[in-house]
Novice: 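Please find one structure pasted underneath; my questions will follow.
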Amino acid sequence: MKIMATKGVHTTADHVLITSGSQQGFDLVAEAFINKGDKIVVESPTYLAALQTFKMYQASFIEAPVDEKGVIPEELDCILRTEANVKLVYMIPSFQNPSGRTISAERRKALMQVIQKYDVVLIEDAPYEDLKYTDASIRL
Ligand SMILES: Cc1ncc(COP(=O)(O)O)c(C=O)c1O
């Protein structure tokens, strides 16, 4: 709850589900949102174990084009506008695996503005975020 509060998201204990690792989390999200043939937008490249879990639910993937700052908002907008059955957007915005890239606050805002226009859920995978020395560049 404290971690979410630093992101400006108010949560209570009812919003928190402790899992035995990220893969159980991916599995629960996929179970809730994915039916055969649904699509998930991912960064290119992205974390293999997440793809493997989502694949078990027969999701297909759309690679979102990236530049040195991360996913390109206009490209994401184009994907979400034109593709049917996109249920999830999966991103690792801090110390992305495998690229190591961290998305700036400005780019995060632009991406959220796009995502909020559509009926789609963003999964933010942030296992390494607390390892940073400074957080000035990513706080919204
Ligand atoms: C992006 C990303 N998410 C999640 C994990 C794994 O997290 P957990 O140890 O909770 O399964 C890793 C580990 O490499 C990772 O790189």
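Residue numbers start at 1 and run along the sequence shown. As the structure lists them, so they are numbered: ligands from 1, and atoms in each ligand from 1.
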Novice: Do Tyr57 and Asp38 come close enough that some side-chain heavy atom pair is under 4.5 Å?
Specialist: no
Novice: Strictly by ring-ring contact (aromatic ring centres under 6.0 Å, His included), give each pair with a member in residues 67-109 just once, sequence neighbours left out.
Specialist: Phe26-Tyr90, Phe54-Tyr90
Novice: Side-chain contact test, heavy atoms from C-beta onward, threshold under 4.5 Å: evaluate it for Arg101 versus Asp67 and give yes or no.
Specialist: no
Novice: What I'd like to find out is whether the side chain of Val9 reaches to under 4.5 Å of the side chain of His15, using heavy atoms alone.
Specialist: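 SC-SC contact between Val9 and His15 ruled out.
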Novice: Tell me which residues fall inside the under-4.0 Å heavy-atom shell around ligand 1.
Specialist: Gly21, Ser22, Tyr47, Ile92, Asn97, Asp125, Pro127, Tyr128
Novice: Name the one of Val120, Val41, Ile62 that satisfies side-chain contact (heavy atoms from CB on, under 4.5 Å) with Leu76?
Specialist: Val41
Novice: Do the side chains of Met112 and Leu122 get nearer than 4.5 Å, heavy atoms only?
Specialist: yes
